[in-house]
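Side-chain atoms are counted along with the backbone in the values below, which use heavy atoms only and exclude waters and symmetry mates. Every value quoted in this text rests on a predicted model; they were computed, and no experiment measured them.
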Amino acid sequence: MREAHPRRRTVWLTVIGLAFVLGGSVAWLGWSAMEARDALLAARTEVGQLQAQARAGDVEAARSTLVEVQRHAALARARMSGALWSLGGAVPEVGPHVGAVQAVAEAVDELARHALPPLVEATALVDPAALAPVSGKVDVGPLADVAAQIAGADTAVRASLQRVDAIDTSELRAMVAEPVDELRRLLTDVSADTATASRAAALLPPMLGADGPRNYLVLVQNNAEPRATGGIAGAVLLLQAQDGRLEVLEQRRGGELSGLPEPVVTLTDAEQDLFGPLLGTDMRDVNFTPDFPRSARIAKAIWEQQVGGSIDGVLSVDPGALALVLGATGPVSLPDGRVLSADNVVSVLLNEVYLQIEDPAEQDAFFATTASAVFAAVAGGRGDSTGVIDALAEAARRGRLMVWAADEEEQARLGGTVLSGELRGRKGDEAVIGLFLNDGTQAKLGYYLEAAANVRSTECHADGSQRVNVGASFTYAPPGDVLDLPPYLLGLDDIVPRGRFRTNLLLYVPDNGTLDSVRVNGEPVELHSQVHNGLAVGVLTWTFTPGQTYDLTADITTGRGQSGAIHLRTTPLAAGFDLVSTVSKCDESG
């Protein structure tokens, strides 16, 4: 008979010895462990239920679920406490498992006692229905009243998550490690909710004018002429928020705010090289840069210099965002009798207007009027308020809604959220790759550009970096009679032969990463290289003939410590091309 491994034999002899010493106590430990496990499993399920109920605004159901979460969490913690468990925690091999379960029980109990109760009680006040505009006004007073308790709950949730994050599951058996990892994922999800709620409670009242009027620019991006964050600012609205009331004070064509002799801000050498002086002299070009906070600062400076007044923040939307909102508000009617809906707003604004209206000034005016009509529908409380907020959140996730605040403290709260649109190469341990387009045709042919992308993590390295493959395909698909399209749609300056489409493509590498190879249609290519905001970027220029496709393939190595998910931030186009992410190769192999 084969002799047991000496170390394993020692462990089991220790356990057997403890059994003789403790006698019936061992059976009690086993029973209490099973009861603690069952209680933790129940609490885990109930936390998920409570989260869903809170999101849906079902306060009474959430309160009932909270009672059960607290009961099960307290039971689990009690069953995993005491001198016998402390003794068990000192046993080799057994100890880490005992410690992990105790840490989980403590984390869930702390969550149930300190974080969840104020969140449940705040649910009625932060429910989207309570924030719906009434007669054009949002009552932000109740939200301001609960801001402090939501912030405290968020702190408690993050403390529980940190406690679970500190558990090393690498040496634990699967029966313990897997539930710990599942709880970590659940708490990460809950933490994202509480962080968002905390930011909203702190930001919305002042930004909606609770402390005095605020003036905002709204850049309505036109994706038919692509820019890095969407499209040219074809229309600019001046929006005022005062005591929760939103009102459009003024609307201007983007072309009215152009032609400055010098940039309104000092451009960096990288910005001069990548984007040229128009970045700082023409409102339509402020988003050549994919860094929206920079675009917003420039837009604020141009407006204040050209028009006057003081701007407190900048928002950006595009017809894709308007389509999502119209899906919740329902169709809106325009002064000319036209009806815009979620189904037609993109095609009307980005294509049909150029086929039906010849005068560029009238085209831009129509663009601005449409945006104003959608804002009026939202401010007037049209449609399903929960649906409107969900639509805005989805627009932000797709990069079609961005917000910047001139107040540094408020901007710091916005930073890192899906609303911020900031240029970054990583987020924690997650790598961020950028793939952006800037039109070079000075036309409205970008409407016919179709694009798709994918990201694959192919290899994980010991230092936490990853090998990543990016694939993207771009097809210019105008109608067969492209040369018969209106001159303004084709471009008035004949920068490229009529009917063709030109774009610059910017490929941003993650923080401290490397661009190992780039191929277009299977052939290696050279890129124009630059370093922008600390990130390496390569630039290609393509001129498409009708029906032509460019296929891009790039191999990238991320920086050290970027072992999490890979994100690809892209330029939202008329035909989609929204954000892409992938599971980390390191996570798959771990």
For the pair R199 and E410, evaluate salt bridge (charged side-chain N to carboxylate O under 4.0 Å, His left out) and give the outcome as yes or no after the intermediate values. CA-CA 9 Å; R199 284 192 180 101; E410 292 175 359; over 6 Å; no

Is L552 close to V518 at the side-chain level, that is, under 4.5 Å between some pair of heavy atoms? yes

Any non-hydrogen side-chain atom of L257 less than 4.5 Å from a side-chain atom of V307? yes

Has T289 got a side-chain atom pairing as donor or acceptor with D291's backbone, closer than 3.5 angstrom? yes

Of all heavy-atom pairs linking V317 and A321, the shortest is CB-CB, 4.3 Å

Stepwise side chain to side chain contact (heavy atoms under 4.5 Å, CB included) check, Y448 with L489: CA-CA 11 Å; Y448 302 110; L489 197 156; 4.0 Å; yes

S341-D343 side chain donor-acceptor pair, cut-off 3.5 Å: no

Any side-chain heavy atom of W542 sitting closer than 4.5 Å to one from R502? no

Would you call F436 and T570 a side-chain contact if the rule is heavy atoms closer than 4.5 Å? no

Quick one: does any side-chain atom of Y550 pair with a main-chain N or O of A472 as donor and acceptor, under 3.5 Å? no

Could you go through the side chain to side chain contact (heavy atoms under 4.5 Å, CB included) check for D336 and F366 one step at a time? CA-CA 10 Å; D336 65 358; F366 179 80; 3.9 Å; yes

Side chain to side chain contact (heavy atoms under 4.5 Å, CB included) filter on S529, not counting sequence neighbours, yields none

Inspect the contact between R426 and E430 and indicate whether a charged nitrogen and a carboxylate oxygen are less than 4.0 angstrom apart. no

May I ask you to say whether R294 pairs ionically with E271, meaning some side-chain N is under 4.0 Å from a carboxylate O? yes

Identify the two heavy atoms, one from L535 and one from V509, that lie closest to each other, and give their separation to 0.1 Å. CD2-O, 3.8 Å

Salt-bridged, D285 to R227, with N to O below 4.0 Å? yes

State which residues pass side chain to side chain contact (heavy atoms under 4.5 Å, CB included) with E256; sequence neighbours excluded, sorted by chain then number. R252, R253

Might you work through the side-chain hydrogen bond (donor to acceptor under 3.5 Å, both in side chains) test for T458 and N469, ending with a clear yes or no? CA-CA 7 Å; T458 59; N469 178 265; over 6 Å; no

Between T503 and D439, is there a side-chain donor-acceptor contact under 3.5 Å, judged purely by atom types and distance? no

Begin from the C-alpha positions of L260 and D282 and carry the test side chain to side chain contact (heavy atoms under 4.5 Å, CB included) through to its verdict. CA-CA 7 Å; L260 296 176; D282 193 325; over 6 Å; no

In the structure I gave you, are the side-chain heavy atoms of Y447 and N223 within less than 4.5 Å of one another anywhere? no

Using 4.0 Å as the upper bound for N to carboxylate O, is an ion pair formed by K300 and D312? no

Are D555 and R519 within salt-bridge range, i.e. N to O under 4.0 Å? yes

More than 12 non-hydrogen atoms from neighbouring residues, nucleotides or ligands closer than 6.0 Å to CD on Q356, yes or no? yes

So, the side chain of Q411 versus the backbone of E408: is there a donor-acceptor pair under 3.5 Å, distance only? no

A323 and V346: which non-hydrogen atoms are nearest, and at how many Å? CB-CG2, 4.2 Å

Using a strict threshold of under 4.0 Å (side-chain N to carboxylate O), is an ion pair present between D243 and R245? no

Taking all non-hydrogen atoms of both residues into account, name the closest pair between A554 and L515 and its distance. CB-CD1, 4.2 Å

Could you go through the side chain to side chain contact (heavy atoms under 4.5 Å, CB included) check for L208 and L246 one step at a time? CA-CA 8 Å; L208 287 176; L246 298 174; 3.8 Å; yes

Nearest heavy-atom approach of L490 to V482 is CD2-O, 3.4 Å

Is there a donor in the side chain of S473 and an acceptor in the side chain of D551, or the other way round, less than 3.5 Å apart? yes

Please, which pairs that meet side chain to side chain donor-acceptor pair (under 3.5 Å) have at least one residue in residues 480-496, sequence neighbours excluded? none

Measure from the side-chain N and O atoms of Q240 to the backbone N and O of V248, and report whether any donor-acceptor pair falls under 3.5 Å. no

So that I can tick it off, tell me whether E394 and R397 are bridged by a salt bridge, with the cut-off set at under 4.0 angstrom between side-chain N and carboxylate O. yes

When you look at F501 and Y476, which way does the ring pair (Phe, Tyr, Trp, His ring centres under 6.0 Å) test go after all the steps? CA-CA 7 Å; F501 172 72; Y476 173 49; 5.7 Å; yes

In terms of side-chain heavy atoms, does S295 have a donor or acceptor partner in N287 at a distance below 3.5 Å? no

Under 4.5 Å between any side-chain heavy atoms of F544 and L449, yes or no? yes

Under a 3.5 Å cutoff, is there a donor and acceptor pairing between the side chains of D273 and H528? yes

For L334 against A373, the heavy-atom pair lying closest together: CD2-CB, 3.8 Å

Does a side-chain heavy-atom distance below 4.5 Å link S258 with T281? no

Would you say the side-chain atoms of T441 pair up with the backbone N or O of A443, donor to acceptor, closer than 3.5 Å? no

Residue pair S316 / Q221, side-chain donor-acceptor N/O under 3.5 Å: yes

Side chain R456, main chain G471, donor-acceptor under 3.5 Å: no

T475 and E450: side-chain hydrogen bond (donor to acceptor under 3.5 Å, both in side chains), yes or no, with the steps? CA-CA 5 Å; T475 300; E450 300 172 358; 5.3 Å; no

Check step by step if ring pair (Phe, Tyr, Trp, His ring centres under 6.0 Å) holds for F292 and W404. CA-CA 8 Å; F292 181 69; W404 172 81; 8.1 Å; no

